[in-house]
Number of protein chains: 2
Amino acid sequence: MDKIPKTLRGTARREQLLRSAEKVFGEKGFAAASIAEITRDADTALGTFYIYFTSKEQVFRELVVEMGHLTRSVMSDAVTGAPDRLDAERRGLLAFLRFVADRPSLYRIVEQARFVDPEAYRDYFSSFAAAYRDQLRKAEAAGQIRPGDAEVRAWALMGIAKNLGDRFVLWEEHGDLEAIAEAAFDMIRDGLSP
Amino acid sequence: MDKIPKTLRGTARREQLLRSAEKVFGEKGFAAASIAEITRDADTALGTFYIYFTSKEQVFRELVVEMGHLTRSVMSDAVTGAPDRLDAERRGLLAFLRFVADRPSLYRIVEQARFVDPEAYRDYFSSFAAAYRDQLRKAEAAGQIRPGDAEVRAWALMGIAKNLGDRFVLWEEHGDLEAIAEAAFDMIRDGLSP
DNA sequence: GTCGAACATGAATGAGTATTCATGTCCTAT
DNA sequence: ATAGGACATGAATACTCATTCATGTTCGAC
């Protein structure tokens with residue numbers, strides 16, 4: 001994250017470029033996106049990009065990191081105040097689906113990081129998963145959930161949220177997210193067993 | 001899927017190129033992979049590629065389609081003979097993790113299709129999900145699982161498998177896949193509720 | 001009102017590589 | 001043994017960008 005601007009004007013330009021990069025990367029994908037299109041969208045000259053960023057990869061990484069902060073913040077807010085872990089799961093799942101609906105570009109950028117910047121991708125999910133796992137362990141100790149492998153469960157639960165986000169938010173006119181979250185939560189809470 | 005060879009020699013070359021493409025796309029990703037590298041790996045000349053394929057995109061799509069057939073076949077084999085749906089879930093999950101361990105390249109290719117060839121990506125998962133959903137409905141009718149939204153459940157369960165595959169197979173020296181599948185299955189069967 | 005640091009510009013540079021094509025070689029049918 | 005379709009070759013073509021840079025412009029401090 002170099003090239004920090006030193007004036008208000010600079011700060012605004014940089015932010016403008018970041019938002020355009022989010023938009024273009026989200027729409028076209030990293031490879032098909034061009035710096036020229038990003039600067040065009042930001043109403044600025046090609047060369048200006050390199051005043052604020054060192055490379056195409058760097059803006060991308062910065063967006064992934066930004067997404068990490070944002071996701072953690074959104075999820076943390078959503079879950080705060082839940083009476084117990086099960087309710088936190090319900091709230092968290094719905095909040096995630098709504099977040100994907102709100103910022104589909106940022107969500108698609110994270111998924112591209114798998115190939116564009118594998119380290120950033122791993123960091124994003126690993127740090128999220130570590131916190132998730134700890135929450136599950138605490139809930140288990142408090143008797144709020146059945147004992148079980150918290151690491152595996154954390155990744156399984158993240159997988160549910162990701163895949164529902166793909167299918168019911170990115171691929172479809174947003175249906176009833178509450179109903180979808182509720183249906184998934186029903187399985188998370190009680191399982192498939194009759 | 002054009003350019004079908006008319007001789008044994010041609011068929012072998014095409015297959016050879018397909019395997020090299022799988023390898024190179026899997027290792028480097030679609031964008032970073034070059035036709036030159038694919039033909040080099042296949043011990044053949046650059047131009048030979050275009051005898052068997054019309055474009056870089058086309059081989060890629062063909063690999064995604066191949067992966068679709070393979071996955072369905074592997075999962076179908078794994079689940080055949082299961083006494084009930086819950087057992088089918090257990091077997092299917094383990095089989096999927098082992099499949100990812102066996103063919104990590106093909107698995108990574110499918111994930112790239114999300115951006116390289118979105119239609120192929122959707123087809124892959126949608127056709128899989130449709131079959132999955134039908135199985136769940138049948139099991140529900142037979143009283144083998146609790147009633148619930150089969151479409152949402154199918155996508156949630158696929159999400160679990162995908163994400164565990166990422167974390168415990170692609171990102172890590174393969175640990176005990178049986179233990180991981182069992183831990184996840186425990187939650188799928190009985191949920192988190194104490 | 002002027003000086004300098006910060007910022008802006010877009011044409012030019014340079015590297016990479018998908019695709020084509022003119023020229024062979026192989027192999028089988030006759 | 002030879003014609004002709006199938007296959008093989010890799011240099012040449014034709015783009016597409018990422019990145020640089022020489023030349024302005026802005027704006028606040030003094």
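Given the structure is predicted, the values throughout are model-derived calculations rather than measurements. The sequence lines fix the lettering, A, B, ..., with proteins before strands; numbering per chain opens at 1.
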*If we fit an axis to the first five pairs and another to the last five of the helix from C:dG1-D:dC30 to C:dT30-D:dA1, what angle do they make, to the nearest 10°?*
0°

_Once side-chain contact (heavy atoms from CB on, under 4.5 Å) is applied, do any residues pair with A:Arg98, and if so which ones, sequence neighbours excluded?_
A:Leu94, A:Leu177, A:Glu178

*Would you find a donor on one side and an acceptor on the other, under 3.5 Å apart, between the side chain of A:Thr80 and the backbone of A:Ser76?*
yes

_A:Lys162 NZ/CZ over A:Phe125 ring centroid, <6.0 Å and within 45° of normal_ = yes

*Roughly, in whole Å, what's the span from CG in A:Leu8 to C1' in C:dA5?*
16 Å

*Starting at atom CD of A:Glu37, determine the distance to atom P of D:dT16, rounded to an integer number of angstrom.*
14 Å

*Reading nucleotides 16-23 of chain C from the 5' end, what letters show protein touch, with B for base, S for backbone sugar-phosphate only, - for no heavy atom under 4.0 Å?*
--SBB---

*What residues form a side-chain contact (heavy atoms from CB on, under 4.5 Å) with A:Ser34, not counting sequence neighbours?*
A:Ala36, A:Glu37

*Hey, does B:Tyr52 reach any base, or is it just sugar-phosphate, or nothing, if we go heavy atoms under 4.0 Å?*
sugar-phosphate

*asked:* For A:Tyr124 and A:Thr71, which I'm curious about, is there any donor-acceptor pair between the side chains at under 3.5 Å?
replied: yes

_Euclidean distance, atom CD1 of residue B:Ile4 to atom C1' of D:dA6 [Å, nearest integer]_ = 15 Å

*asked:* Using whole Å, what does the distance between atom C1' of nucleotide D:dT19 and atom NZ of A:Lys3 come to?
replied: 10 Å

*Atom-to-atom span, CZ of A:Arg14 to C1' of C:dA6 - whole angstrom*: 15 Å

*asked:* Checking the side chain of A:Gln112 only, and the main-chain atoms of A:Phe30 only, is there a donor and an acceptor separated by less than 3.5 Å?
replied: yes

*Counting just side-chain N and O atoms, does A:Thr7 come under 4.0 Å of either OP1 or OP2 of D:dG28?*
no

*asked:* Expressed as a whole number of angstroms, how long is the span from A:Ile51:CD1 to C:dA5:P?
replied: 16 Å

*asked:* Using the side chain to side chain donor-acceptor pair (under 3.5 Å) criterion, which residues pair with A:Arg122? Sequence neighbours excluded.
replied: none

*What's the CZ-C1' distance between A:Phe60 and D:dA18, to the nearest Å?*
16 Å

*Taking CG from A:Asp43 and P from C:dG10, how many angstroms apart are they, rounded to a whole number?*
12 Å

*Check the pair A:Ser127 / A:Arg72 against side chain to side chain donor-acceptor pair (under 3.5 Å), numbers first and verdict last.*
CA-CA 9 Å; A:Ser127 83; A:Arg72 278 193 289 278; 2.7 Å; yes

*Mind checking what makes side chain to side chain donor-acceptor pair (under 3.5 Å) contact with B:Glu22, not counting sequence neighbours?*
B:Arg19, B:Arg103

*A:Arg13 vs C:dA8: side-chain N/O to OP1/OP2 distance below 4.0 Å*: yes

